[in-house]
> 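There's a structure below that I have some questions on.
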Amino acid sequence: MSGDHGHGDSQVNSGSKGSDTHKHKDKHKDKEHRHKDHKKDKEREKLKHGNSEHKDHSEKKHRDKDKEKLKHSNGSSDKHKEKHKEKDKDKEKRREEKIKSSHVDKPKKEKENGYVRDTSPAAIKSEPEEDNGFYPSPQHNKTSKREYDDEEFEYKPKKVKTEHDKKAKKRKHEYEEDEEEDEDIKPKKKTKDKKVAEGKKAKKEEEEKWKWWEEERSTDGSKWRFLEHKGPVFAPPYERMPDKVKFYYDGKPMKLNAPAEEVATFFGKMLDHEYTTKDIFRKNFYKDWRKEMTSEEKSKITDLNKCNFSEMNDFFKAQSEARKQMSKGEKLKIKEENERLLQEYGFCIMDNHKERIGNFRIEPPGLFRGRGDHPKMGMLKRCIRPQDIIINCSKDSKHPKPPPGTKWKEVRHDNKVTWLASWTENIQGSIKYIMLNPSSRIKGEKDWQKYETARRLKKCVDRIRTQYREDWKSKEMRIRQRAVALYFIDKLALRAGNEKEEGETADTVGCCSLRVEHIKLYPKMDDQEYVVEFDFLGKDSIRYYNKIPVEKRVFKNLQLFLENKQPEDDLFDRLNTSILNKHLQELMDGLTAKVFRTYNASITLQQQLKELACPDDSLPAKVLSYNRANRAVAILCNHQRAPPKTFEKSMQNLQTKIDEKQNQLSAARKQLKAAKADHKASHDDKSKKILEMKRKAVQRIDEQLMKLQVQATDREENKQIALGTSKLNYLDPRISVAWCKKWVVPIEKIYNKTQREKFAWAIDMAEKDYEF
DNA sequence: CAGATCACTTAGAAGATAGTTA
DNA sequence: TAACTATCTTCTAAGTGATCTG
């Protein structure tokens, strides 16, 4: 099968839907969706698993689910907030208790032994700064490692592997549980003494590349033993517009008070953005803006359409222009200031190591930019103050100081969580966190673990597939639904699809929350039977559109699920993510719906890399193959991007370059020919030299041309596909590392600096024969 | 047991920077 | 040497899923 059933016809879903009175559907319709082309369908086709046919069973009818739920009014956002407030106090009390107890029932002695000694702030602070500043110095490093060796400390480095070989293996197996072996354990069996003997610099480097993956993991559920940081960086306070920058109402200049002006500038900044043309955005903005106005302003300003923010907009444009035009010196100064801030606030100390913080800046106030048709777009995101922030750190660390004259909301010491600070955001009432960078131990370990879980799924996926196929025949509706949903999750890499509160967010769905209106069944379509067409908005309101032939039994089940339902009813009315995950948990420890995405993504990459392997390819061609494999995954996971605005142009530029190069090549070839003739005639050294030169030139140009052509292909195929997300979140980096090693491709061709930092563990541990 | 809450991962867009070219 | 553009980095929204709670 192939992609020829793709869609020049993106309206396919408007056919038989009959009445258009369902709000969900309407919402979808005025959206512009990003479409994918045939390629994608084709790729998907390739990627699916085998199938076979079974006979179908009849089934008892299911009851309709209570639809009232879907219909309650949603004008209750204020009520909602009140609720939040009231509950706040309660919540905090509860939490306090929780933390207290978690501290109490911890074996105190061990803990204190653990870190008072090892990670006292003083020990780290006293590190000589010249030592590149970032990392604890070698001396410290060594000391702490030695102390690590004391019994009962859990983060035992394995550098002393010779002595702790058993433990080393134990940990490995804990994770991998693979039939694999020891050969994985690398020969870094340096002895301590040897290390001491090594130069300071060497040791420094080693610390720079702390190999947390060679150490033991904590087993007691605590995420750290010691945590010290300086708290977040706050957004600078609002600066008034210069007087010359005027706001006009109804054509007349009007001076706004600071709060109203600030909010106005948020809007003014965005004037070029499509958001500001959307009704909901404008309505929400206007409503929140008015809250900042004085009563005088309120009575004057009664219509957003009469507001003119264009001078503000010009001002910001000029400002950013000016920034670009700044002299080198000025730019450097800013850079240095940023660097200083990063040094001071961008790192924390967690268990002996200086680790990079992911987002140490508090989100500045502004207008909420929800994705898709978000009902709250345009609302004011309020400024976060110290008294909104909860700090999390070690009791015995130097606590971060709030800015002068302010207080933190709370300082707590919860080592069951990984965040350093948190606050509650005012749009959805959700909690935001400050956490560590992906290169940190705490993130890396989790990431590694994620791929190990996916590898465990690999071992039992056949069994699970057999089982859900069996379940398609179940007498119970809920089991059939569960089985069909799981099939979609497995085959199509759909997300789980938690329920969401209606009216609070954009209307998007995942597998379990699919509605009748999101699929269409075609018993026959062209040369295929039992085709299901999916058309819905997924995470970030990215459209998922796909037509796939399914097994007859699945098809019949779907027909059954659709019986007597309205378009806005749930397709799987007897299923939700928690039911599904509970079931999965029983099938394999740690299995949840999202593991399938990870598994299928990684296994696809591995397969594709094998298939596309071509040993004789040039380096760029190999990289292209890799990108193609990556792309297959991105397509599977539906990772899309808006085609870059300059795409067409940049494609053209590239083509021009190619043409030029081609001309160059033919010119060089001519010259080579001439040189050959020359040499034949004279047979002297000089002509020989020239001949060689020309020959090399041709070769060089030819390579350059190839490279350009490959680049063009790659870019074209990438037009609306985003590779980054899968590379960063779904593909076991060890597959890529192994591939690089096998084909002698420098890892830099695949991962940039940030990515190499994130995947340092994989780069260090994967050998060329690594199997996912 | 359903809904709320919390912590954490996954996501595309925007913004910043680096590299290239006119 | 500015302008352009490709790539990297940051930002923060939007998911998942575990746990708590009434």
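A, B, ... follow the sequence lines: proteins, then strands. Residue 1 opens every chain.
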> Mapping Tyr433(A) and Lys450(A) onto DNA chain B by nearest heavy atom, which one lands closer to the 5' end?
Tyr433(A)

> Report yes if a side-chain nitrogen or oxygen of Lys416(A) is closer than 4.0 Å to either non-bridging phosphate oxygen (OP1 or OP2) of dC6(B); otherwise report no.
no

> Is Lys443(A) near enough to dT9(B) that one of its side-chain N or O atoms lies under 4.0 angstrom from OP1 or OP2?
yes

> Rounded to whole Å, please give me the gap between CE in Met435(A) and P in dC11(C).
16 Å

> Has Thr725(A) got a side-chain N or O lying under 4.0 Å from the OP1 or OP2 atom of dT10(B)?
no

> If you compare every side-chain N and O of Asn498(A) against the phosphate oxygens of dG15(C) (OP1, OP2), does one of them come in below 4.0 Å?
no

> Closest-nucleotide mapping onto DNA chain C: is Gln755(A) or Cys511(A) further toward the 5' terminus? I mean the 5' end.
Gln755(A)

> Check this one for me: any side-chain N or O of Thr508(A) less than 4.0 Å away from OP1 or OP2 of dG15(C)?
yes

> Could you pick out which residue, Leu591(A) or Asn752(A), lies toward the 5' side of DNA chain C when each is mapped onto its nearest nucleotide?
Asn752(A)

> Taking atom types as modelled and ignoring hydrogens, do the side chains of Gln449(A) and Glu445(A) form a donor-acceptor contact shorter than 3.5 angstrom?
no

> Would you mind classifying the nucleic acid contact of Lys324(A) as base, sugar-phosphate or nothing, using non-hydrogen atoms under 4.0 angstrom?
nothing

> Rounded to the Å, how far apart are Ile434(A) CD1 and dT12(C) C1'?
12 Å

> Checking side chain to side chain contact (heavy atoms under 4.5 Å, CB included) against Leu420(A), which of Ile357(A), Ile390(A), Asn359(A), Asn392(A) comes through?
Ile357(A)

> Would you mind building the protein contact string for nucleotides 15-22 of chain B? One character per nucleotide, 5' to 3', B for base within reach (heavy atoms under 4.0 Å), S for sugar-phosphate only, - for untouched.
------S-

> Give the rounded distance in Å between these two atoms: CD of Glu504(A) and P of dA14(C).
12 Å

> Just by distance, with hydrogens left out, do Arg225(A) and Asn415(A) show a side-chain donor and acceptor under 3.5 Å apart?
no

> State which of dT9(B), dA7(B), dG17(C) makes the closest approach to the side chain of Asn581(A).
dG17(C)

> Taking the six-membered ring where the residue is Trp, are the ring centres of Tyr345(A) and His229(A) under 6.0 Å apart?
no

> Please find out if less than 6.0 Å separates the ring center of Phe759(A) from that of Tyr751(A).
yes

> Measure from NZ or CZ of Lys381(A) to the centre of the six-membered ring of Phe368(A) and say whether it is under 6.0 Å with the direction within 45° of the ring axis.
no

> Mind checking Gly510(A) for me? I need base, sugar-phosphate or nothing, with any heavy atom below 4.0 Å counting as a touch.
nothing

> For dA14(C), does either OP1 or OP2 sit under 4.0 Å from a side-chain N or O belonging to His374(A)?
yes

> Which part of the nucleic acid does Pro438(A) contact within heavy-atom distance under 4.0 Å: base, sugar-phosphate only, or nothing?
nothing

> With a cut-off of less than 4.0 Å, is there a side-chain N or O of His639(A) near OP1 or OP2 of dA11(B)?
yes

> Using a heavy-atom cut-off of 4.0 Å across all strands, would you classify Lys381(A) as base, sugar-phosphate, or nothing?
sugar-phosphate

> Check the phosphate of dT9(B) against Asn729(A), side-chain N and O only, distance under 4.0 Å to OP1 or OP2. Yes or no?
no

> Within the pair Arg356(A) and dT10(C), is there a side-chain N or O less than 4.0 Å away from OP1 or OP2?
yes

> Counting only side-chain nitrogens and oxygens, does Lys539(A) get under 4.0 Å of the OP1 or OP2 atom of dT10(B)?
no

> Between C1' on dG15(C) and CG on Asp540(A), what's the gap in Å once rounded to a whole number?
8 Å

> If you pin Ser422(A) and His273(A) to their nearest nucleotides in DNA chain B, which one's is more 5'?
Ser422(A)

> What's the NZ-P distance between Lys500(A) and dA2(B), to the nearest Å?
21 Å

> Using a cut-off of less than 4.0 Å, is there contact between a side-chain N or O of Arg597(A) and OP1 or OP2 of dA11(B)?
yes

> Report the distance from atom CD of Glu757(A) to atom C1' of dC8(C), rounded to the nearest whole Å.
12 Å

> Count the heavy atoms belonging to other residues, nucleotides or ligands that lie under 6.0 Å from NZ of Lys331(A), then report whether that count exceeds 12.
yes

> Can you sort out the partners of Phe360(A) under ring pair (Phe, Tyr, Trp, His ring centres under 6.0 Å), two or more places apart, ordered by chain and number?
none

> At under 4.0 Å, does any side-chain N or O of Thr418(A) touch on OP1 or OP2 of dC8(B)?
yes

> Pick base, sugar-phosphate or nothing for Gly538(A), based on heavy-atom distances below 4.0 Å to the nucleic acid.
sugar-phosphate

> Pick base, sugar-phosphate or nothing for Arg756(A), based on heavy-atom distances below 4.0 Å to the nucleic acid.
nothing

> Is any side-chain nitrogen or oxygen of Tyr730(A) closer than 4.0 Å to OP1 or OP2 of dA11(B)?
yes

> Determine the minimum heavy-atom distance between Val745(A) and Val623(A), stating which atoms define it.
CG1-CG2, 4.3 Å

> Calculate the interatomic distance between Leu537(A) atom CG and dA14(C) atom P; express it in whole Å.
13 Å

> May I ask you to evaluate whether Gln325(A) reaches the phosphate of dA2(C), defined as a side-chain N or O under 4.0 Å from OP1 or OP2?
no

> Without decimals, in angstroms, what is the distance between Glu425(A) CD and dT12(C) P?
11 Å

